[in-house]
Amino acid sequence: MILRPLIALLALAGIISPALASDSVRTLAGAPLTSAFADGPAASARFADPVGLALDAQGNVFIADSANHCLRQLTPAGNVTTIAGRPGDYGSDDGDTGFARFDTPSALAVAQDGTLFVSDTGNNTIRRRAPSGTVSTFAGFAGSPGSTNGVGSVARFNAPLGLALAANGDLFVADSGNHAIRRITTDGNVTTFAGGLEQWGAADGMGDQARFNGPVGLVFDKAGNLIVADSFNHAIRKITSDGTVTTLAGKLGEDGFADGPAGDARFGAPAELAFDPNGNLFLTDGWYDTLRKITPDGTVSTVAGLVGTEGSTDGSYGGARFFNPYGLVATPTGSLIVSDTYNELIREVIAPFTLSAKRMANSPTIIRWESIAGRTYRVLVRDLLSAPWQPLGADLTATGAAAEATDPATANARFYQVERRD
């Protein structure tokens, strides 16, 4: 994915002067509010309610184009192609790319070997597309919703949504209509991991004693915990490897919109989830047309969009707008790819980061900022608001979650900004 430099909010040197960098949002593919189908260059491509996303090691973005009933691919060069299904022709047929049919595919997960798993929501099945392009049914039986555990076609799902692959290859499913989290082993055996099948509710607890209400997004953290967007409970949940369910952020059953400490934060209908390389958890909050962030210490903030304000504007410094964003993946470079569903767009978001400038009297200034290891940054400086920006030394490659540069000047009025260069 081609990235633009991220320009940070100005920071005035003083004793200590923290500031928050700007968010930055741009459209990668599609046309605002234009529901249609077209492959080709990103600007010419068209979607119909794109939802779930997945990202492979080569930087290809896979898209569940739900109302077109097909799977799409956006390459790093910006070209959109259809990789499975026939646009506008729904069904449940397995087979090669041009023969396979889907019914409202909603979520995707890609394995290291390139196998693409699909929540085929309208068919109540889990499908997989092999790297060769052949589509097969992995679990469930098309047209037969239910809640049965078992192997392959014996198992039953009810409107499955989010997917997440564990390190051992097991696939976890947010079985939304059954209000449970299911697990599918590599040999196709389906069991219930957490929640009570067909029993919605709002309760933490162990395994089948916990209750969910319409779970959607799933993602694993670095410790192997499964994080769940419990959409209609308006909360983010955590499931440990032994099946213990707790509430990570929000209050079960209480919707709203509030940033702050995790227990005080409120969400509308959180959808898909993604972790960035520094362990920040991001989520799309479709009811409120925003992208939210939960830091490792549990602080919730709004990254982009304006609560309850629909729109399709690109921009920075809080100017971007969304219309029911849903799908979400994080790239290795730290940017986010979002399916802006009702806008019929695929968009890129660079989240704001904290920037500070600290100087004691008659001493050099230390500029510090949140960074992504391996990414390159440039610090710019100027003395007056009307003066041109000048590089403060050579570009810096970050080695961890924080980076810093030193300005040896001791002038009283110096302004700084940081650009992402790759």
Side-chain angles (χ1 to χ4, degrees), residues 107 109 119 126 139-140 145-150 155-168 170-185 189-256 258 260-275 279 281 283 285 287 292 294-300:
S119 268
I126 306 302
S147 58
T148 306
N149 287 322
R156 296 290 183 270
F157 301 89
N158 187 358
L161 293 177
L163 299 176
L165 277 165
N168 68 351
D170 287 351
L171 182 68
F172 287 76
V173 182
D175 194 4
S176 188
N178 279 321
H179 310 290
I181 309 302
R182 315 285 291 280
R183 172 165 49 192
I184 312 175
T185 59
N189 187 39
V190 179
T191 57
T192 302
F193 181 55
L197 288 170
E198 301 184 54
Q199 299 181 53
W200 67 272
D204 290 335
M206 175 68 74
D208 62 3
Q209 300 304 304
R211 292 293 178 266
F212 300 89
N213 189 0
V216 178
L218 301 177
V219 69
F220 280 98
D221 66 14
K222 291 181 179 178
N225 302 302
L226 184 62
I227 311 302
V228 182
D230 194 6
S231 191
F232 292 146
N233 270 329
H234 319 291
I236 307 302
R237 317 286 293 279
K238 180 174 80 171
I239 313 176
T240 59
S241 58
D242 66 358
T244 301
V245 179
T246 56
T247 299
L248 184 66
K251 184 176 181 180
L252 292 177
E254 185 173 313
D255 71 290
D264 298 331
R266 295 294 180 266
F267 305 93
E272 290 205 341
L273 307 163
F275 278 102
L281 177 63
L283 61 106
D285 196 348
W287 276 11
R292 315 283 294 279
I294 307 174
T295 61
D297 69 1
T299 302
V300 178

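Starting from 1, each residue takes its place in the sequence as its number. Not measured: the values here are computed from a predicted model.
Ala262 pairs by the side chain to side chain contact (heavy atoms under 4.5 Å, CB included) definition with Ala249, not counting sequence neighbours. Residues satisfying the salt bridge (Lys or Arg N to Asp or Glu O under 4.0 Å) test with Glu198, not counting sequence neighbours, are none. Applying the side chain to side chain contact (heavy atoms under 4.5 Å, CB included) test to Ala223 and every residue at least two apart in sequence or in another chain returns Asp221, Asn225.
One distance of note links CG of Leu197 with CZ of Phe157; it measures 10.0 Å at 0.5 Å rounding. Distance CG/Asp255 to CZ/Phe232: 11.0 Å, rounded to 0.5 Å.
Here side chain to side chain donor-acceptor pair (under 3.5 Å) pairs that include residues 260-271, with residues two or more places apart or in two chains, are Glu254-Arg266. Annotation: salt bridge (Lys or Arg N to Asp or Glu O under 4.0 Å) contacts involving residues 176-185, sequence neighbours excluded, comprise Asp175-Arg182. Within the structure, every pair that satisfies the side chain to side chain donor-acceptor pair (under 3.5 Å) test and touches residues 155-168, not counting sequence neighbours, is listed here: Asn168-Asp170.
For the residue pair Val173 and Pro160, the shortest heavy atom distance occurs at CG1-CB, 3.8 Å. Ile184 and Ala139 get closest at one heavy-atom pair: CD1-CB, 4.0 Å. Pairing each heavy atom of Ala229 with each of Ala271, the nearest pair is CB-O, 3.0 Å. Contact detail for Val245 and Ala194: the closest heavy-atom pair is CG2-CB, 3.9 Å. Here the shortest heavy-atom pairing between Gly162 and Ala107 reads CA-CB, 3.8 Å. Nearest heavy-atom pair, Gly279 versus Pro296, reported as atom, atom and distance to 0.1 Å: O-CG, 3.6 Å.
With contacts defined as side-chain heavy-atom distances shorter than 4.5 Å, the pair Ile236/Thr247 does not qualify. Looking at Leu163 and Leu218, their side chains never come closer than 4.5 Å, going by heavy atoms from C-beta outward. The side-chain heavy atoms of Ser119 and Ile126, taken from C-beta on, include a pair separated by under 4.5 Å.
Side-chain N/O atoms of Asp208 and Thr192 include no donor and acceptor closer than 3.5 Å.
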Side chain to side chain contact (heavy atoms under 4.5 Å, CB included) between Ser231 and Asn213, intermediate numbers included:
CA-CA 7 Å; Ser231 191; Asn213 189 0; over 6 Å; no
Is there a side chain to side chain contact (heavy atoms under 4.5 Å, CB included) between Thr185 and Thr191? Walk through the geometry before answering.
CA-CA 9 Å; Thr185 59; Thr191 57; over 6 Å; no
Full working for side chain to side chain contact (heavy atoms under 4.5 Å, CB included) between Phe267 and Val300
CA-CA 10 Å; Phe267 305 93; Val300 178; 4.0 Å; yes
Side chain to side chain contact (heavy atoms under 4.5 Å, CB included) between His234 and Trp287, worked out:
CA-CA 10 Å; His234 319 291; Trp287 276 11; 3.5 Å; yes
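Considering Ile239, Asp230, Ile227, Val228 as possible partners of Leu248, the one that fulfils the side-chain contact (heavy atoms from CB on, under 4.5 Å) test is Ile227.
Formation of a donor-acceptor pair under 3.5 Å by the Ser176 side chain with backbone atoms of Pro215 is found in this model.
Heavy-atom neighbours of Phe275 CZ from other residues, nucleotides or ligands within 6.0 Å: above the threshold of 12.
Salt-bridge formation is not detected for the pair Arg211/Asp204: no Lys NZ or Arg NE/NH1/NH2 atom is positioned less than 4.0 Å from an Asp or Glu carboxylate oxygen.
Aromatic ring centroids of Phe220 and Phe172 lie under 6.0 Å apart.
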